[in-house]
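Inspection log for the structure reproduced underneath, given as structure tokens.
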Amino acid sequence: MRPFRYERASDPAGAVALLARSPQAAFLGGGTNLVDLMKLDVARPDLLVDVRGVTSRAIEELPDGGVRIGAGVSNSDLAADPLIRGRYPVVAQAVLNGASTQLRNLATVGGNLLQRTRCVYFQDVSTACNKREPGSGCSAIEGHNRDLAILGTSPECIATHPSDLAVALAAMDATVQTIGPDGSRAIPLTELHRLPGADPQHDNVLTHGELITAVDLPPLAFAARSYYRKIRDRASYAFALVSVAAAIDLVDGELRDIRIALGGVAHKPWRARRAEDLLRGGPATEERLRRAAEAELVDAQPQSDNAFKIPLARNAIVRTVLDLAGAAR
């Protein structure tokens, strides 16, 4: 690990100011991803700005009936919170599927959203990786790509975003609150992360020095009827091959509204809007679900070893919504 300086911020504005002055600085929350990347020599910050004491650790109801989750809330506290478990069970389920108890105790909500891909070539500095070293190439395209993306890829990168929580929040239409050198802003969670395009080194739309302060969940009544399904190689903690976060508003057998997001298939949480549009206003039958899932995946571009993700994602969507519909009857 390379030498670095450590500063503890006294407030969010001070944290932003400290980071903005150093182009190679990074915020430190729980450190469960960043420290690993530093040990691998993938991340090389010259300054770590500790924000654990300046970002909120509260989960509170908003005046409009939504819920605000402080960026400093630990994943364990988020998963155990009665408000989250009751109104947005998909969020609690996603967190519990994401890591061991020890990691959940340290990891924060803000840091979870900003964790970087677990592509083996990104983590191996002896290989070419456009995300780690722009212009060097993508070793995964001709290499081991079984775990990687099938949607929204580019010739520059086929990495996937690893967060389970981000998938659930994308399905819930969450909004990320930030503060940065240019002030504060609200970013829809579905717009926080980027597809790789020609510059895969940029995971998200945050500017240097911009700090996530909170995540807001909207007052979505049918979010109480939601579920997170994660398909992985082993039952113990592993990253998703495919995951599905879904919520349905089923009235008299008809899908009045539906939310679906996929994980493990793209560089960002993949909101399945095409499938949602096809399903609204009709019954939750297996045939309709299958057609909608196939339409969502029609543009998938699998690599040599991951074409299995297309039927896997299709079946996961169908099974998850059918299960929710069955429980609602």
Side-chain angles (χ1 to χ4, degrees), residues 12 29-30 32 51-115 163-178 186 188-190 192 212-230 235-237 240 243-251 256-261 263 269 271 320-321 323-329:
T32 56
V51 295
R52 287 173 292 185
V54 303
T55 50
S56 171
R57 300 183 186 184
I59 299 173
E60 53 194 354
E61 190 168 5
L62 294 170
D64 66 357
V67 174
R68 173 162 290 176
I69 305 165
V73 171
S74 74
N75 285 4
S76 290
D77 287 347
L78 179 63
D81 186 82
L83 200 58
I84 297 299
R85 293 172 70 91
R87 294 192 191 178
Y88 310 92
V90 66
V91 173
Q93 292 160 6
V95 171
L96 291 173
N97 274 277
S100 66
T101 303
Q102 292 88 344
L103 286 174
R104 292 199 305 268
N105 287 343
L106 279 175
T108 62
V109 167
N112 186 293
L113 299 183
L114 300 182
Q115 61 183 299
S163 172
D164 294 286
L165 173 60
V167 178
L169 294 175
M172 295 294 98
D173 281 326
T175 301
V176 176
Q177 304 292 338
T178 71
L189 193 284
T190 53
L192 174 66
I212 294 177
T213 57
V215 176
D216 291 348
L217 288 164
L220 193 66
F222 68 90
R225 188 175 293 157
S226 61
Y227 187 70
Y228 186 75
R229 172 171 268 114
K230 181 176 181 177
S236 62
Y237 297 104
S243 64
V244 178
I248 65 170
D249 185 11
L250 191 72
V251 180
R256 188 165 60 183
D257 204 351
I258 184 168
R259 307 292 168 85
I260 304 171
R271 182 68 180 269
T320 302
V321 179
D323 286 350
L324 283 170
R329 293 190 177 102

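Counting heavy atoms from C-beta outward, Leu217 and Ile84 have side chains that approach closer than 4.5 Å. For the pair Ile248 and Val321, the minimum side-chain heavy-atom distance is below 4.5 Å. Side-chain contact between Thr108 and Thr55 is absent, with no heavy-atom pair separated by less than 4.5 Å. Using a 4.5 Å cut-off on side-chain heavy atoms (C-beta onward), Leu113 and Leu169 make contact.
The two residues Val90 and Ala168 make their nearest non-hydrogen contact at O-CB, 3.7 Å. When all heavy atoms of Ala80 and Arg85 are compared, the closest pair comes out as O-CD, 3.6 Å. Scanning all heavy atoms of the two residues, the minimum distance from Thr213 to Thr178 falls at OG1-N, 4.0 Å. A pairwise comparison of heavy atoms in Ser163 and Asn112 identifies OG-OD1, 2.5 Å as the closest pair. Scanning both residues, Ala92 and Ala79, for their nearest heavy atoms gives CB-O, 3.7 Å. Residues Pro269 and Ala170 come closest through the heavy atom pair CB-CB, 3.9 Å.
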- [ ] Take Arg229 and Thr320 through the test side chain to side chain donor-acceptor pair (under 3.5 Å) and record every step on the way to the result.
- [x] CA-CA 7 Å; Arg229 172 171 268 114; Thr320 302; 2.9 Å; yes

Task: Test side chain to side chain contact (heavy atoms under 4.5 Å, CB included) applied to Gln93 and Leu96, step by step - done: CA-CA 5 Å; Gln93 292 160 6; Leu96 291 173; 5.8 Å; no

TODO: Please step through side chain to side chain donor-acceptor pair (under 3.5 Å) for the pair Tyr227 and Asp323, ending with a clear verdict.
DONE: CA-CA 9 Å; Tyr227 187 70; Asp323 286 350; over 6 Å; no

Open item on the list: Applying side chain to side chain contact (heavy atoms under 4.5 Å, CB included) to Leu220 and Asp173, what does each step give before you reach the verdict?
Closed with: CA-CA 9 Å; Leu220 193 66; Asp173 281 326; 5.8 Å; no

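For the atom pair CG (Leu165) and CD1 (Ile69), the distance works out to 7.0 Å, reported to the nearest 0.5 Å. Atom CG of residue Leu103 and atom OG of residue Ser74 lie 12.0 Å apart, to the nearest 0.5 angstrom. Once rounded to the nearest 0.5 Å, the distance linking CD1 of Ile59 with CZ of Arg68 reads 13.0 Å. Taking CG of Asp164 as the reference point, atom OH of Tyr228 lies at 3.5 Å (rounded to 0.5 Å). Arg87 contributes atom CZ, which lies 10.0 Å from atom CG of Asp81 (distance to the nearest 0.5 angstrom). Once rounded to the nearest 0.5 Å, the distance linking CG of Asp257 with CZ of Arg225 reads 12.0 Å.
Counting only distance, with no hydrogens or angles, the side chain of Ser243 and the backbone of Gly263 share a donor-acceptor pair below 3.5 Å. For the pair Ser76 (side chain) and Asn105 (backbone), a donor-acceptor distance under 3.5 Å is present.
In this structure, Arg259 does not pair ionically with Asp249, as no charged nitrogen and carboxylate oxygen lie closer than 4.0 Å. The residues Asp77 and Arg57 are annotated as not salt-bridged, no charged nitrogen and carboxylate oxygen being separated by less than 4.0 angstrom.
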